[in-house]
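First comes the structure, then the notes that go with it.
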Amino acid sequence: MERLQKVIAHAGIASRRKAEEIISNGRVKVNGEVITELGTKVGKKDVVEVDGVPIYQEEPVYYLFYKPRGVISAVTDDKNRRVVTDFFPEVTERIYPVGRLDYDTSGILILTNDGDFSQKLAHPKHQIDKVYVAKVKGIADQKNLYPLTKGIVLEGKKTAPARYDIISSDKKSETSIVELTIHEGRNHQVKNMLQAVGLPVQKLKREKYGELTLKGLKPGEYRRLNAKEIKNLLHQAK
Ligand code: URA
């Protein structure tokens, strides 16, 4: 038996706090009866409805996926392009990505059916470091990258300080490989940050998410996260 707010949160409908509000507002039925008491316990066979729509009670599952380039971070696409869930044909749970990587970005993406977990990780205040490796046009040096360590203004809002490492530069092709560590998740953030310091991104990969790496995976492959990894992520998201 699980608490009603947890079941609703796990179904990805709302965070646990929002789920409590939904229950208190009389929008939830269990086996046809409106329940407003928080903490009511429900079992797998109970039919839970939110605003008249039944929710499925699934075991929470957590996957680490190596997203290839050319795949949409979504579960459907109106232009019929490949989506990340196409790579999980044998997974029956209704998983979806936590946050997004651009269509042309590769690397680590977490997928889950646990709405509560997903909201915690995606919360703008969380502090989980993500490491990106970018191939950029131009010769990266301390001078052009330094402003990123102080934060720069993008669309009217300052970015949090980032860390960088210059992996290599190639004078002939005028390109560099730069590693950038950030913990925010604004749209196209890495591309926009590097563009802003005169180093447009040609190729981008997310290599680390907290402690998680792509070790042992090829593009398009996934593995389950273990209990310790899940716990660590939640701990870091605090
Ligand atoms: N920053 C970007 O610009 N793109 C991504 O896909 C992820 C981070």
Side-chain angles (χ1 to χ4, degrees), residues 1-65 72-79 83-101 109-128 130 155-157 183-187 189 209-210 222 224-238:
M1 299 282 269
E2 290 279 13
R3 288 157 75 85
L4 191 51
Q5 53 265 50
K6 191 170 172 190
V7 170
I8 293 170
H10 270 168
I13 289 166
S15 66
R16 211 170 295 188
R17 200 179 47 76
K18 259 268 177 260
E20 289 177 358
E21 230 176 270
I22 292 173
I23 297 167
S24 302
N25 290 340
R27 291 166 55 193
V28 178
K29 279 186 191 163
V30 177
N31 303 325
E33 196 187 319
V34 174
I35 300 287
T36 53
E37 196 177 325
L38 299 177
T40 300
K41 297 246 173 142
V42 290
K44 290 263 175 274
K45 295 224 164 75
D46 290 316
V47 178
V48 178
E49 289 168 75
V50 175
D51 296 331
V53 180
I55 63 171
Y56 298 95
Q57 293 190 54
E58 296 176 336
E59 282 301 318
V61 289
Y62 310 87
Y63 294 99
L64 190 158
F65 176 51
I72 300 276
S73 296
V75 296
T76 56
D77 180 51
D78 50 12
K79 294 192 191 109
V83 295
V84 286
T85 42
D86 289 345
F87 291 82
F88 294 75
E90 59 289 331
V91 172
T92 53
E93 288 87 2
R94 296 174 310 153
I95 55 170
Y96 54 87
V98 176
R100 270 187 290 169
L101 284 179
L109 193 65
I110 293 170
L111 288 96
T112 182
N113 59 349
D114 182 342
D116 206 22
F117 173 88
S118 163
Q119 299 221 359
K120 279 191 183 126
L121 257 59
H123 195 281
K125 283 214 184 100
H126 80 57
Q127 297 287 315
I128 298 181
K130 290 145 209 152
E155 287 159 355
K157 198 167 160 262
H183 60 73
E184 298 170 298
R186 288 157 63 179
N187 260 355
Q189 182 159 351
Y209 193 109
Y222 63 83
R224 275 183 105 124
L225 290 178
N226 64 39
K228 191 164 163 227
E229 290 170 329
I230 296 162
K231 201 168 140 217
N232 274 347
L233 283 172
L234 286 172
H235 182 72
Q236 291 169 68
K238 275 205 179 127

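What you see below is based on every heavy atom in this structure, not just the backbone, and it leaves out hydrogens, waters and symmetry mates. Positions are given from 1 along the sequence. Source: prediction; values computed, not measured.
- Here the shortest heavy-atom pairing between A9 and S15 reads CB-C, 4.1 Å.
- The line from OG1 of T40 to CE of M1 is 9.5 Å long, rounded to the nearest 0.5 Å.
- Side-chain atoms of L225 and L233, non-hydrogen and from C-beta on, do get closer than 4.5 Å to each other.
- Side chains of L234 and K120 form a contact here, defined as non-hydrogen atoms less than 4.5 Å apart.
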Would you please test Y222 and F87 for ring-ring contact (aromatic ring centres under 6.0 Å, His included) and show each step? CA-CA 8 Å; Y222 63 83; F87 291 82; 9.0 Å; no
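- Proximity of H183 to K130: side-chain heavy atoms (C-beta onward) are nowhere separated by under 4.5 Å.
- If you look at F117 and Y62, their ring centroids are closer than 6.0 Å.
- Using a 4.0 Å cut-off between charged side-chain N and carboxylate O, R224 and E229 make no salt bridge.
- Looking at V28 and V50, their side chains come closer than 4.5 Å, going by heavy atoms from C-beta outward.
- The side-chain heavy atoms of L38 and S24, taken from C-beta on, include a pair separated by under 4.5 Å.
- Ion pairing between a basic and an acidic side chain is recognised when a charged N comes within 4.0 Å of a carboxylate O; K18 and E21 show such pairing.
- With hydrogens and angles disregarded, no donor-acceptor distance shorter than 3.5 Å links the side chain of T36 to the backbone of I23.
- For the pair D114/H10, a side-chain contact is recorded, criterion being any heavy-atom separation below 4.5 Å from C-beta on.
- Side-chain N or O atoms of Q5 include one that pairs as donor or acceptor with a backbone N or O of G39 at under 3.5 Å.
- Summarising the geometry, atom OG1 belonging to T76 is positioned 10.0 Å from atom CG belonging to D86; distances are rounded to the nearest 0.5 Å.
- Interatomic distance, CD1 of I13 versus CD1 of I55, reported as 4.5 Å (0.5 Å rounding).
- Smallest separation of non-hydrogen atoms from S118 and T112: CB-CG2, 4.1 Å.
- Using modelled atom types and a 3.5 Å distance limit, the side chains of E93 and N113 yield no donor-acceptor pair.
- Scanning both residues, A14 and I22, for their nearest heavy atoms gives CB-CD1, 4.0 Å.
- Considering all non-hydrogen atoms of both residues, G115 and Y96 come closest at CA-OH, 3.1 Å.
- From E49, atom CD reaches atom CG of N31 across 9.0 Å, with rounding to the nearest 0.5 Å.
- Closest approach of S73 and L109 over heavy atoms only: OG-CD2, 3.9 Å.
- T92 OG1 to E59 CD: the interatomic distance, rounded to the nearest 0.5 Å, is 11.0 Å.
- With a 4.5 Å cut-off on side-chain heavy atoms, V75 and V83 do not count as touching.
- With a 4.5 Å cut-off on side-chain heavy atoms, N187 and R100 count as touching.
- The CG atom of N25 sits 11.5 Å away from atom CD of E20, with the distance rounded to the nearest 0.5 Å.
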